[in-house]
Amino acid sequence: MKQTVLITGASRGIGAAAAKRFAQDGCRLILNYQKNEEKIRALRESLKTEVLLCRADISKARDVEHMVQKALNAFGKIDVLINNAGIAEQKLFSDITEEDWDRMFDVNVKGMYLVTKAVLPGMIHEKKGKIVNISSIWGMTGASCEVHYSASKAAVIGFTKALAKELGPSGICVNCVAPGVIATDMNAHLQENILQELREETPLEKLGTPQDIAEAIHFLSSQQANFITGQVLSPNGGIVI
Ligand code: NAP
């Protein structure tokens with residue numbers, strides 16, 4: 001039976017690369033996005049597998065319930081959940097408004113909670129499933145001028161570890177991928193000299209690609225990772241060791 005995989009934030013960057021990786025196995029895909037209709041449609045056209053597109057703002061409970069119901073109506077079950085959708089913002093701590101703080105946590109933390117909560121009953125019923133949450137190296141080390149982003153990504157790690165303990169007896173593995181600096185829209189605003197500095201700080205002397213992260217996500221979702229739960233895998237070129 002083909003695996004059914006739900007990926008949040010699949011229209012661009014790491015989520016789109018993960019969709020392509022799972023499609024290579026012929027998985028059935030539920031691809032979530034918020035706004036980028038054109039990109040997600042183009043992605044669907046390029047994939048030679050069954051794809052359901054679901055527009056939803058993951059920070060909104062009603063959107064998420066509707067998305068998961070639509071997915072279950074179409075495919076009957078969800079075997080793998082990739083909590084990837086996220087936002088980032090660079091600001092001095094003193095400039096972060098309450099609204100900035102809430103939006104960061106609403107998408108990066110509450111969104112993950114809402115999607116996981118909606119998907120879990122099916123996995124618990126099946127007594128199997130894989131959940132991979134996307135954190136960041138900044139959730140491990142903290143980044144200057146990204147306190148709200150770093151705190152939200154540290155929360156992803158805490159969530160992963162606690163849920164892994166709770167769901168182990170139900171046969172469900174929960175892990176985390178914490179990427180280093182990856183060339184996606186999220187970093188498109190960074191100037192070339194900053195990107196060059198980041199390359200120089202990285203032992204492998206390069207930025208990561210969305211495909212590098214997709215491979216780590218795919219591995220943790222696979223049968224090869226059946227004895228791995230509650231772990232943080234950080235593909236980062238050695239910038240954090
Ligand atoms: P990206 O290129 O900016 O793409 C973000 C994706 O998330 C898009 O598909 C976007 O949908 C979706 N999204 C944003 N807010 C959403 C919401 N409220 N509801 C549903 N979908 C939403 O980002 P990326 O670089 O691929 O990052 C993916 C994940 O990796 C994020 O969690 C990020 O924090 C993490 N990460 C990235 C890096 C990096 O260097 N790039 C490093 C560490 C961790 P639309 O296109 O429809 O707007």
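Fair warning: this is a prediction, and the values are worked out from it, not measured in the lab. Both ligands and their constituent atoms are indexed starting at 1 by order of listing.
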Checking Lys128 side chain against Cys173 main chain: does a donor-acceptor pair fall under 3.5 Å? no
Quick check: closest heavy atoms across Phe105 and His148, and the distance to 0.1 Å?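 Closest approach of Phe105 to His148, heavy atoms only: CE1-O, 3.7 Å.
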Scanning both residues in full, the closest heavy-atom pair of Gly230 with Asn175 reads N-OD1, 3.1 Å
Are Gln223 and Asn226 linked by a side-chain donor-acceptor pair shorter than 3.5 Å? yes
If you measure only the distance, is there a donor-acceptor pair under 3.5 Å linking the side chains of Gln224 and Ser222? yes
Which residues share a side-chain contact (heavy atoms from CB on, under 4.5 Å) with Ala19, sequence neighbours left out: Ile7, Leu29, Leu31, Leu43, Leu47
Select all protein residues for which some heavy-atom-to-ligand 1 distance is less than 4.0 Å, and list them by chain and number.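 Residue list for ligand 1: Gly9, Ala10, Ser11, Arg12, Gly13, Ile14, Asn32, Tyr33, Gln34, Lys35, Asn36, Ala56, Asp57, Ile58, Asn84, Ala85, Gly86, Ile87, Arg103, Val107, Ile134, Ser135, Ser136, Tyr149, Lys153, Pro179, Gly180, Val181, Ile182, Thr184, Asp185, Met186, Asn187.
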